[in-house]
> 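There's a structure below that I have some questions on.
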Amino acid sequence: MAAGNGLAFAQEAAEGSAPDLTQFPRNETVIVHNPEGIIRNPSWFNLWAVGAGNGVSNGLHQLTTDTLWFIDPDAGIEGASENAVYNSLADDIWQYNEDFTEMTVKLKQGIYWSDDVEFTADDVVFTVQKQAATPGTPYNGAFSVQVAEVTAPDKYTVHFKLNKPNSRFHTLFSVRWTAAWIMPKHVYEKVEDILSYEANPPVSIGPYTLHSFDPNGTWYIWQRREDWQRTAMGMISEPKPKFIIYRNNISTDNRLIEIRNGNLDMVHDLTPEGTFSVVQQDPQIQGWFPGFPYAHPDPTLVMAIPNHQNPKFQDKRVRWALALMLDARTMSMASYRGAATLSAISVPPTGTHPRDYHAPLQDFLINYEVEAGGNKVKPYDPNVGMQIADMVRGQFGDAVPTDEQAVRNAFGYGWWKQDIPTAEALLTDAGFTKNGNQWMMPDGQPFTFSVMVPQEGVVNRLGVIIAQTWAQHGIGATAEVDADTWGRQRVGNFEVNIAWAVETWGGHPDLSFFLDSYHSAYVAEPGQSQPDRNWMRWKDPRLDAIIEEIRGTDFNDPKGTELGHDFVKLHLEEMPNIPIMAYNVFSIQSNRFWTGWPNAENNYANPVTNWSNGRYIFTQITPVEGAA
């Protein structure tokens, strides 16, 4: 171990190193792939200090932490959740006063920390007050700005007074990937400086505690508590594995080898090609869909994102022209080898969103008109998914669905027709002219720009083909590969970026997870950092009005979905960015030792292994009879 700044950091470790797995019976042990590389500070288990070099997906927040509610990106366990919302430490959903300036929470009784101390309202109050008073903690900003007062009227009730109305305040305590984890007051009130406290071993409020970990930062082992019934997750159902092992620093190729050898049960992500190969070779391995495209549509939406603070992209006719030059079939084949789930609207085609957005808006999309050159055209193609399914059926045969609804679920509900004449008419209407095969802007300069893409992966492939397609039709677009695309887009240092600007709850129809950050009040000056997601820096008073009405609407009010439809329609009118496809994740699971994994036909949980919601998977799986 090498030490520095009072923290212990791991040395380089051999890729794929693992504990002695013979110590752990396979009918009692689930082995999970953690997508991280080497964890530099493996002995750090304090989640309330930012930037400590600890593991993010090593099982700590998946198995030992808890907060008031969970929202699964998929449907949630039937009977244990409603609209994908679980009451976790809370005994019921949030209760606001009439103007959303106060929130009351009733807590479950009979929950205990792993050191036999009861969980009470004092833990929640301490969590909020301590973080509000301590810069460097994850929720310092949110709590210090939003909370006027937090009190415990009794042992199992928490009452918040807010500085201003906020109908979404409860989402700070609602896990979508992570959230405001509750601190054990009896531990941290005794720590002088919580930012330098290692918390090794961690006190757990979840059903697992630390068994052991690799000092070189490549694996962690968690053991089920004997009193697992005294946890919120245990009150839903018994977590079946006695041991859960998280392994990280495994290359894509070795993930395939290890799951085939029985040394992994869940793999976070593979390449499309690797997934196609392994599910065909090993009938015990499954993807999300029972056949092609196998991948799980993540609750994020990959887009072509033009920078609205650049004069080149401030006319919506230009943005629509760029959209209608693209070919959905080409983009799907170039990026995901056909395994893409398309979306023409600014909502990911995942979780419950097809039910709440894509299916109900089909008639609107089919009849939607774009005016160009004095003509009106209907640019939407509801059958492009069927066309892509037909294109890949020759290679994958019966693995490709034929049922129309199954195809729409897997390949998307539709996308725009490639319509070059309409795209050119839109550019002409916007004052552009063509010089040979080069489009010229109204000021007479060539219409050229860079398309920023990541260094590798499906988004890289997608961005390259998009730039090439635009270039083929007279636009001087070139792909620009950069290792810091996220950092550059945060400060607006790009012309067009290929990334996602939408992330949703997934299993719940409310769009506030991303939409609130679209408010014009958050748009920063060029070169300055701004809140996540509105990377295109879109401003529109009509958008602000929708966001403000959502802020004054209860989270579970059906009116929120209606307002979500209003947003989708405004987005279509303006096309501030070009929605393309879900960020499909090629997660796979092996049924060799355990079965009952979530999938598209039983979508009770997001299958991606680093999400905290994955904890519920462990209550639904069972060991395979005879596995040892």
Side-chain angles (χ1 to χ4, degrees), residues 16 18 21-22 24-35 59 62-63 72-78 222 224 237-247 250 252-297 339 396-401 406 409-410 584-611 613-628:
L21 298 177
T22 61
F24 303 94
R26 290 300 271 116
N27 62 350
E28 296 182 341
T29 307
V30 166
I31 309 174
V32 177
H33 167 228
N34 170 359
Q62 291 82 3
L63 301 176
D72 198 275
D74 284 285
I77 298 171
E78 187 174 354
W222 307 91
R224 187 179 58 206
S237 184
E238 177 186 2
K240 305 306 189 300
K242 181 178 180 181
F243 302 100
I244 301 180
I245 300 174
Y246 280 75
R247 296 180 54 197
I250 307 175
T252 302
D253 289 342
N254 279 345
R255 293 170 211 166
L256 287 171
I257 294 170
E258 289 293 78
I259 198 167
R260 291 294 302 273
N261 289 342
N263 296 327
L264 284 173
D265 296 302
M266 306 169 70
V267 169
H268 174 271
D269 199 12
L270 295 171
T271 63
E273 297 84 356
T275 303
F276 303 156
S277 172
V278 73
V279 296
Q280 291 175 339
Q281 295 171 6
D282 191 335
Q284 293 181 313
I285 293 176
Q286 69 174 55
W288 179 253
F289 291 103
F292 194 92
Y294 305 107
H296 177 264
F396 294 97
D398 292 341
V400 181
N409 290 339
N584 281 0
V585 182
F586 289 87
S587 299
I588 60 172
Q589 300 84 34
S590 171
N591 290 278
R592 180 174 175 180
F593 296 108
W594 294 84
T595 190
W597 307 106
N599 55 46
E601 297 173 351
N602 183 23
N603 62 332
Y604 67 84
N606 186 326
V608 182
T609 60
N610 64 338
W611 289 60
N613 302 284
R615 68 180 64 193
Y616 294 109
I617 294 174
F618 303 125
T619 68
Q620 303 301 299
I621 59 174
T622 55
V624 174
E625 186 175 351

> Give the minimum heavy-atom separation between Pro290 and Glu601, together with the two atoms involved.
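That closest heavy-atom pairing would be CG-OE2, 3.6 Å.
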> How about Pro623 and Glu625: do any of their side-chain heavy atoms sit closer than 4.5 Å?
no
> So which heavy atom on Ala295 is nearest to which on Asn584, and how close?
CB-CB, 3.7 Å
> Below 4.5 Å, heavy atoms only, C-beta onward: do Phe618 and Leu63 meet side chain to side chain?
yes
> Nearest 0.5 Å, what's the CG-CG distance between Asp74 and Asn606?
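Taking CG in Asp74 and CG in Asn606, the distance rounds to 5.5 Å.
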> OH of Tyr616 to CD1 of Ile621: how many Å apart, nearest 0.5 Å?
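Tyr616 atom OH to Ile621 atom CD1 measures 15.5 Å (nearest 0.5 Å).
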> For a 4.5 angstrom cut-off between non-hydrogen side-chain atoms, does Asn261 reach Glu258?
yes
> When you measure from the side chain of Trp597 to the backbone N and O of Ser590, does any donor-acceptor pair fall under 3.5 Å?
yes
> Taking all heavy atoms of Gly262 and all of Phe593, pick out the closest pair and write down the distance.
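The pair with the smallest heavy-atom distance is O-CE1, 3.7 Å.
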> Describe, in one word, how the ring planes of Phe24 and Phe243 are oriented to each other, choosing from parallel (under 30°), tilted (30 to 60°) and perpendicular (over 60°).
perpendicular
> Are the side chain of Asn613 and the backbone of Ala605 linked by a donor-acceptor contact shorter than 3.5 Å?
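Absent.
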> To the nearest 0.5 angstrom, please state how far the CZ atom of Arg592 sits from the CG atom of Leu264.
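If I round to the nearest 0.5 Å, the distance is 11.5 Å.
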> Please check if the side chain of Arg615 supplies one atom and the backbone of Gln62 the other of a donor-acceptor pair under 3.5 Å.
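Yes.
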> Evaluate the ring planes of Phe276 and Phe292, with Trp represented by its six-membered ring, and classify them as parallel (under 30°), tilted (30 to 60°) or perpendicular (over 60°).
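Ring orientation, 0 to 90° scale: tilted.
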> Using atom types as modelled and distance alone, determine if a side-chain donor or acceptor of Asn254 lies under 3.5 Å from a backbone N or O of Ile257.
no
> Check whether any side-chain heavy atom of Tyr604 sits under 4.5 Å from a side-chain heavy atom of Ile617, and report yes or no.
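Yes; the side chains approach each other to less than 4.5 Å.
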> If you round to the nearest 0.5 Å, how far is CG of Asn263 from CD1 of Ile259?
10.5 Å
> State, yes or no, whether a side-chain contact exists between Trp288 and Ser587 at a heavy-atom distance under 4.5 Å.
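Trp288 does not reach Ser587 side chain to side chain.
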> When you compare the side chain of Thr609 with that of Asn34, does any pair of heavy atoms fall below 4.5 Å?
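Not touching, per the 4.5 Å side-chain cut-off.
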> Is the shortest side-chain N to carboxylate O distance from Glu238 to Arg224 below 4.0 Å?
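Looking at Glu238 and Arg224, the cut-off is met.
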> With rounding to the nearest 0.5 Å, note down the distance linking OG1 in Thr29 to CD1 in Ile244.
9.5 Å
> Hey, are the side chains of Phe289 and His296 touching, using non-hydrogen atoms and a 4.5 Å cut-off?
no
> Is the shortest heavy-atom distance from the side chain of Asp265 to the side chain of Trp594 under 4.5 Å?
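Heavy-atom side-chain distance check passes, below 4.5 Å.
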> Without swapping roles, check the side chain of Lys240 against the backbone of Thr619 for a donor-acceptor pair under 3.5 Å.
yes
> Is a side-chain N or O of His33 found less than 3.5 angstrom from the main chain of His268, in a donor-acceptor match?
yes
> Checking Gln286 against Asn591: is there a side-chain donor and acceptor pair closer than 3.5 Å?
yes
> Return each pair, listed once, that meets side-chain hydrogen bond (donor to acceptor under 3.5 Å, both in side chains) where at least one residue sits in residues 269-282; pairs must be two or more places apart or across chains.
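Qualifying pairs: Arg260-Gln281, Arg260-Asp282, Glu273-Arg337, Glu273-Arg461, Ser277-Gln281.
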> So does Asp398 have more than 12 non-hydrogen atoms from other groups sitting under 6.0 Å from CG?
no
> Between Arg247 and Ile250 (side chain of the first, backbone of the second, donor and acceptor by atom type, cut-off under 3.5 Å), is there such a pair?
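It does not hold such a pair.
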> Roughly how far, to the nearest 0.5 Å, is CD1 of Ile31 from CG of Leu21?
4.5 Å
> Considering non-hydrogen atoms only, spot the tightest contact between Phe586 and Pro272 and give its length.
CE1-CG, 3.6 Å
